[in-house]
Participant: 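Sharing a structure, written as structure tokens. Questions coming.
Values below: every heavy atom of this structure, side chains too, minus hydrogens, waters and symmetry copies. Start at 1 with the first residue, then count along the sequence.
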Amino acid sequence: MEEPSIEGEPSFEEKLKAQMEIAKGMTISELKLKLQAKGVLTTTFCEKSEFIEAYAKCMASGNEKSLVDSVSDNDDDGGSSGEEEEAMPASVMSRVQELKVLHDQHEEQRKLYLEERAKLEAKYHELSKPLYKERKAIILGEKDEEIAAEQKSEVVATEEKIIGIPQFWVCAIGHMGPVAELIAEQDIACLEHLQDIQCDDDSNGEGFTLSFHFSQNDFFENSVLTKRYEVPNLLLADEPILKDVKGCEIKWKEGKCLTFKETIKQQRGKGKNAGQVRTIRKQEKVDSFFHFFTPPELPSMDAMNEQEAERLEHAFDEDYDIAQAFRSHIIPRAVLWFTGEAMEKEMEAAMGGIQWPPGVEGMQPSSDGENPECKQS
């Protein structure tokens, strides 16, 4: 039962409006943290307006104690923007309205900026394609003779002939800490068939698709594994808003699945079934890099508690970090990750309190400083 309104107390609509004004002055990250404190799942939110509306409803509903506490910790103004506007003289309020007109004009300019930036990103992505194509050719050994002729290198008679650069991609990703942590020992043999990793951004700059190209192997039928991300604010510095994540089905060959293993147990019957033996087969999940292609699933909102919401938020955050490790670090600087130079540069930058590469959100290199599985034979 709702408590009766106290005379003079603002109505729900008035509270909602006031809280929306407060929320407009907060960043997406701040709104996200405060909503998580109330167990509100935000992974389906695409626009800041959705965060604002959810926050305002929580605050205005009367169940906002945890949010109020967190807001008061960071609020040094002592009042809401709604209250401030009500206290303004008419002459000042008219000037504020003019500022809002300028704000709207700025928002229009930002839309144009994003459109132009998306075109610029696409332009330089196209310019990079021939370089990536040649990189792939060198890795696969298609230019071995040409390079040898240019450098006038001779192969020693006793030297085993090596084609291209074996284990190039498994070595490169093994030096990137967040990705290396996903790789299990049984994944190595399969990842040695990885020939190329590509990233294609959407033409509107609101998403990207990662594609992993494999040679024919004993593990699965697919020649390409893909992972797609829809991120409306991909080109902005704001915290990313994931609209959707789609993986792909891996068509494992019989007995070669790396993500699950079949366990067989013999169960003896009891009572009237005594003496009978029943065979029970179960699929048990095992650690593997290839779980990356099966993104976290979004359960029913009604069946989700606060703990489950936090767990899911964390899972999506980790998944997106891995995607950005490939998109912004490994793909454009693959040779430096292969040699370990990128790992050293990031460690040096971290110790100096600077970011490397400049302008790209940093990822952590492998903590042990080396990749024991990266061996050239």
Participant: Taking atom CD of E134 as the centre, does the number of heavy atoms from other residues, nucleotides or ligands within less than 6.0 Å exceed 12?
Facilitator: no
Participant: I'd like to know if the side chain of D200 pairs up with that of H125 as donor and acceptor (distance under 3.5 Å, no hydrogens or angles considered).
Facilitator: yes
Participant: Does some side-chain heavy atom of I197 sit less than 4.5 Å from a side-chain heavy atom of W169?
Facilitator: yes
Participant: Which atom pair, heavy atoms only, marks the closest approach of G247 to K227?
Facilitator: CA-CD, 3.9 Å
Participant: Please check if I147 and F338 belong to a single hydrophobic cluster, counting links between Ile, Leu, Val, Met, Phe, Trp and Tyr side chain heavy atoms closer than 4.5 Å.
Facilitator: yes
Participant: So, taking the atom named OG in S49 and the one named NZ in K24, what distance separates them when rounded to the nearest 0.5 Å?
Facilitator: 10.0 Å
Participant: Would you say the side chain of M176 lies within less than 4.5 Å of the side chain of H329, judging by non-hydrogen atoms?
Facilitator: yes
Participant: Are the side chain of S328 and the backbone N or O of A325 linked by a donor-acceptor pair below 3.5 Å?
Facilitator: no
Participant: What's the shortest heavy-atom distance between D287 and A184, and which atoms?
Facilitator: O-CB, 3.3 Å
Participant: Answer with yes or no whether the side chains of H291 and T259 bring together a donor and an acceptor at under 3.5 Å.
Facilitator: no
Participant: Sequence neighbours excluded, which residues qualify as side chain to side chain contact (heavy atoms under 4.5 Å, CB included) partners of E318?
Facilitator: H314
Participant: Has K256 got its NZ or CZ under 6.0 Å from the middle of the six-membered ring of F220, at an angle within 45 degrees of the ring axis?
Facilitator: no
Participant: Can you find a pair of side-chain heavy atoms, one from I331 and one from Y132, that are under 4.5 Å apart?
Facilitator: yes
Participant: If every non-hydrogen atom of A334 is compared with every non-hydrogen atom of A172, which pair is closest and at what distance?
Facilitator: O-CB, 3.9 Å
Participant: Report the C-alpha distance between Y113 and K111 in whole Å, list the side-chain angles of each, state the deciding distance to 0.1 Å, and finish with yes or no for side-chain hydrogen bond (donor to acceptor under 3.5 Å, both in side chains).
Facilitator: CA-CA 5 Å; Y113 156 73; K111 289 180 182 178; over 6 Å; no
Participant: Counting only heavy atoms from other residues, nucleotides and ligands, does the tally under 6.0 Å from CD of E107 exceed 12?
Facilitator: yes
Participant: For D202, check side-chain hydrogen bond (donor to acceptor under 3.5 Å, both in side chains) against everything at least two apart and list the hits.
Facilitator: R228
Participant: Any chance you could lay out the side-chain contact (heavy atoms from CB on, under 4.5 Å) test for L140 and Q195, step after step, and finish with the verdict?
Facilitator: CA-CA 7 Å; L140 298 183; Q195 296 183 320; 3.8 Å; yes
Participant: CG/L242 to CG/D319 distance, rounded to the nearest 0.5 angstrom?
Facilitator: 8.0 Å
Participant: Going through the checks in order, is the side-chain hydrogen bond (donor to acceptor under 3.5 Å, both in side chains) test met by Q324 and Y320?
Facilitator: CA-CA 6 Å; Q324 278 297 346; Y320 188 74; 2.9 Å; yes
Participant: Below 4.5 Å, heavy atoms only, C-beta onward: do N217 and E192 meet side chain to side chain?
Facilitator: no
Participant: Is the count of non-hydrogen atoms from other residues, nucleotides or ligands lying under 6.0 Å from N204 atom CG greater than 12?
Facilitator: yes
Participant: Among L182, I330, I322, find the one that has a side chain to side chain contact (heavy atoms under 4.5 Å, CB included) with I173.
Facilitator: I330
Participant: Salt bridge or not for R95 and E98, using N-O below 4.0 Å?
Facilitator: no
Participant: Looking at every non-hydrogen atom in both residues, tell me the closest pair between L225 and C248 and how far apart they are.
Facilitator: CA-SG, 3.8 Å
Participant: Counting only heavy atoms not in E126, do more than 12 fall under 6.0 Å of its CD?
Facilitator: yes
Participant: Determine whether L114 and E206 satisfy the following criterion, side-chain contact (heavy atoms from CB on, under 4.5 Å), listing intermediate values before the conclusion.
Facilitator: CA-CA 10 Å; L114 291 175; E206 296 185 358; over 6 Å; no
Participant: Side-chain contact, heavy-atom cut-off 4.5 Å: Q167 with L194?
Facilitator: no
Participant: Report yes if the side chains of E116 and L120 come closer than 4.5 Å at any heavy-atom pair, otherwise no.
Facilitator: no
Participant: Are there more than 12 heavy atoms of other residues, nucleotides or ligands under 6.0 Å from atom CD1 of I163?
Facilitator: no
Participant: Measure the CD-OH distance between Q19 and Y55 for me, rounded to the nearest 0.5 Å.
Facilitator: 5.5 Å
Participant: In terms of heavy-atom contacts, does NZ of K261 have more than 12 from other residues, nucleotides or ligands at under 6.0 Å?
Facilitator: no
Participant: Is the side chain of H175 donor-acceptor paired with the backbone N or O of W337 at a distance under 3.5 Å, no angle test?
Facilitator: yes
Participant: Between E14 and K17 (salt bridge meaning N to carboxylate O under 4.0 Å), is one present in this structure?
Facilitator: no
Participant: Looking at side-chain heavy atoms only, is the closest gap between E221 and K253 below 4.5 Å?
Facilitator: yes
Participant: F326 vs F289 aromatic rings, parallel, tilted or perpendicular, using cut-offs 30° and 60°?
Facilitator: perpendicular
Participant: Distance from N233 atom CG to K243 atom NZ, nearest 0.5 Å?
Facilitator: 12.0 Å
Participant: Measure the OG-CG distance between S288 and L258 for me, rounded to the nearest 0.5 Å.
Facilitator: 5.0 Å
Participant: Taking the six-membered ring for Trp, are F290 and F219 closer than 6.0 Å centroid to centroid?
Facilitator: no
Participant: If hydrophobic clusters are built by linking Ile, Leu, Val, Met, Phe, Trp and Tyr wherever their side-chain heavy atoms come under 4.5 Å apart, do V286 and I250 end up in the same one?
Facilitator: no
Participant: State, to 0.1 Å, how close G205 and A118 come at their nearest heavy-atom pair, and which atoms those are.
Facilitator: N-CB, 4.0 Å
Participant: Quiz question: by atom type and distance under 3.5 Å, do the side chains of D196 and Q198 form a donor-acceptor pair?
Facilitator: yes
Participant: Identify whether the distance between the nearest side-chain nitrogen and carboxylate oxygen of E53 and K57 falls below 4.0 Å.
Facilitator: yes
Participant: Between L234 and R327, is a side-chain contact (heavy atoms from CB on, under 4.5 Å) present by the stated rule, with each step listed?
Facilitator: CA-CA 12 Å; L234 178 64; R327 177 178 178 267; 3.8 Å; yes
Participant: Does one hydrophobic cluster hold both F260 and W252, with members joined at side-chain heavy-atom distances below 4.5 Å?
Facilitator: no
Participant: Check step by step if side-chain contact (heavy atoms from CB on, under 4.5 Å) holds for L235 and R117.
Facilitator: CA-CA 8 Å; L235 299 182; R117 179 172 172 178; 4.0 Å; yes
Participant: Between OG1 of T294 and NZ of K285, what distance do you get to the nearest 0.5 Å?
Facilitator: 8.0 Å
Participant: Taking C-beta and beyond as the side chain, do S223 and H213 meet within less than 4.5 Å on heavy atoms?
Facilitator: no
